[in-house]
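See structure below.
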Amino acid sequence: MSYPGEFHKVLTLDDIYEGEAKLVEVNRYEILVVNINGEIKAYYARCAHALGLIEPNSFDGEEKIICPVHLWEYNARTGESINPEGSSLFPLDVKVEGNDIFVKVPSVPVSEFKVKWFGMYRQRGVINEFGVNS
């Protein structure tokens with residue numbers, strides 16, 4: 001998904017082991033970075049359901065990210081929801097240069113980002129106009 005933003009260095013490969021997740025904050029955006037067998041992924045660290053904070057211990061170390069609020073499950077490699085289906089975490093672009101991990105952080109205010117993010121799911125019928133699961 002294309003979004004306006006800039007890359008920021010968030011971690012080094014030495015900071016995050018395989019099977020581990022880290023929560024970082026850049027410009028008021030909470031970002032979950034996961035290392036899946038050496039593949040680095042990053043997501044806006046809010047659940048698509050009720051914006052629950054996805055914390056590092058939400059990653060099972062292999063394939064799933066589980067929201068601690070209502071136990072929604074996501075595929076750690078794609079961000080697509082597993083249970084229930086039809087939703088997704090918001091994936092952030094990642095690049096690794098040498099030992100450094102960079103994440104493209106949205107350049108719009110967080111509040112504007114949340115509205116657009118909810119808007120995306122509202123179109124799918126997963127979240128209603130009040131941001132609540134329908």
Side-chain angles (χ1 to χ4, degrees):
M1 172 176 296
S2 179
Y3 60 94
E6 296 178 4
F7 280 93
H8 294 264
K9 178 183 171 187
V10 295
L11 295 167
T12 69
L13 291 173
D14 296 330
D15 295 328
I16 184 166
Y17 298 109
E18 287 186 13
E20 188 177 28
K22 297 280 185 173
L23 183 66
V24 298
E25 184 174 323
V26 177
N27 297 338
R28 303 186 70 183
Y29 279 90
E30 298 112 342
I31 300 167
L32 184 72
V33 181
V34 296
N35 183 335
I36 310 160
N37 297 324
E39 182 181 5
I40 304 296
K41 296 286 188 177
Y43 299 99
Y44 175 56
R46 292 288 176 171
C47 179
H49 171 229
L51 282 182
L53 181 63
I54 307 290
E55 299 185 34
N57 62 2
S58 301
F59 177 47
D60 72 355
E62 296 177 0
E63 296 294 328
K64 288 184 185 175
I65 296 170
I66 303 170
C67 176
V69 178
H70 296 109
L71 305 179
W72 277 36
E73 296 179 346
Y74 298 92
N75 180 313
R77 290 186 187 278
T78 65
E80 295 293 319
S81 62
I82 301 168
N83 185 17
E85 294 181 348
S87 187
S88 176
L89 295 175
F90 191 93
L92 299 171
D93 295 340
V94 173
K95 65 180 179 181
V96 177
E97 294 180 353
N99 199 42
D100 297 326
I101 300 169
F102 295 85
V103 173
K104 185 178 174 185
V105 179
S107 58
V108 298
V110 174
S111 58
E112 180 182 336
F113 179 77
K114 286 179 180 177
V115 169
K116 289 184 177 180
W117 189 56
F118 272 147
M120 182 175 76
Y121 294 103
R122 197 175 311 126
Q123 292 172 0
R124 292 181 175 178
V126 175
I127 293 180
N128 68 23
E129 64 185 298
F130 303 106
V132 178
N133 183 32
S134 57

query = Looking at CZ of F59 and OH of Y74, how far apart are the two atoms once the value is rounded to the nearest 0.5 Å?
reply = 15.5 Å
task = To the nearest 0.5 Å, tell me how far S58 OG sits from L23 CG.
result = 9.0 Å
inquiry  = Quick test of your reading of the model: are K64 and E62 salt-bridged, counting only N-O distances below 4.0 Å?
reply    = no
note = Smallest heavy-atom separation, R28 atom then V110 atom, equals O-CG2, 3.5 Å
message = Rounded at 0.5 Å granularity, tell me how far OH in Y29 sits from NZ in K104.
response = 12.0 Å
request  = Test I54 against R46 for side-chain contact (heavy atoms from CB on, under 4.5 Å), laying out the working first.
outcome  = CA-CA 6 Å; I54 307 290; R46 292 288 176 171; 5.8 Å; no
note = Rounding to 0.5 Å, atoms NE2 (H49) and CG (L71) come to a distance of 10.5 Å
task = Identify the two heavy atoms, one from G86 and one from S81, that lie closest to each other, and give their separation to 0.1 Å.
result = N-OG, 3.3 Å
query = Just how far is it from atom CD of E18 to atom CD1 of I40, taken to the nearest 0.5 Å?
reply = 8.5 Å
inquiry  = Quick check: Y44 with F113 (ring centres under 6.0 Å apart)?
reply    = yes
remark   = What one should report as the nearest heavy-atom pair of C47 and W72 is SG-CB, 4.2 Å
task = Under the side-chain contact (heavy atoms from CB on, under 4.5 Å) rule, what do I65 and L32 come out as? Steps first, then yes or no, please.
result = CA-CA 10 Å; I65 296 170; L32 184 72; 4.0 Å; yes
ask   = Would you say N83's side chain and E73's backbone share a donor-acceptor pair under 3.5 angstrom?
value = no
task = Taking salt bridge (Lys or Arg N to Asp or Glu O under 4.0 Å) as the test, write out the residues that go with E6, two or more places apart.
result = none
Could you give the side-chain donor-acceptor pairs of residues 89-102 under 3.5 Å, partners two or more places apart or in another chain?
from	atom 1	to	atom 2	distance (Å)
N99	ND2	D14	OD2	3.0
D100	OD1	K9	NZ	3.2

remark   = All heavy atoms of V26 vs all of H8, minimum pair found to be CG1-CG, 3.8 Å
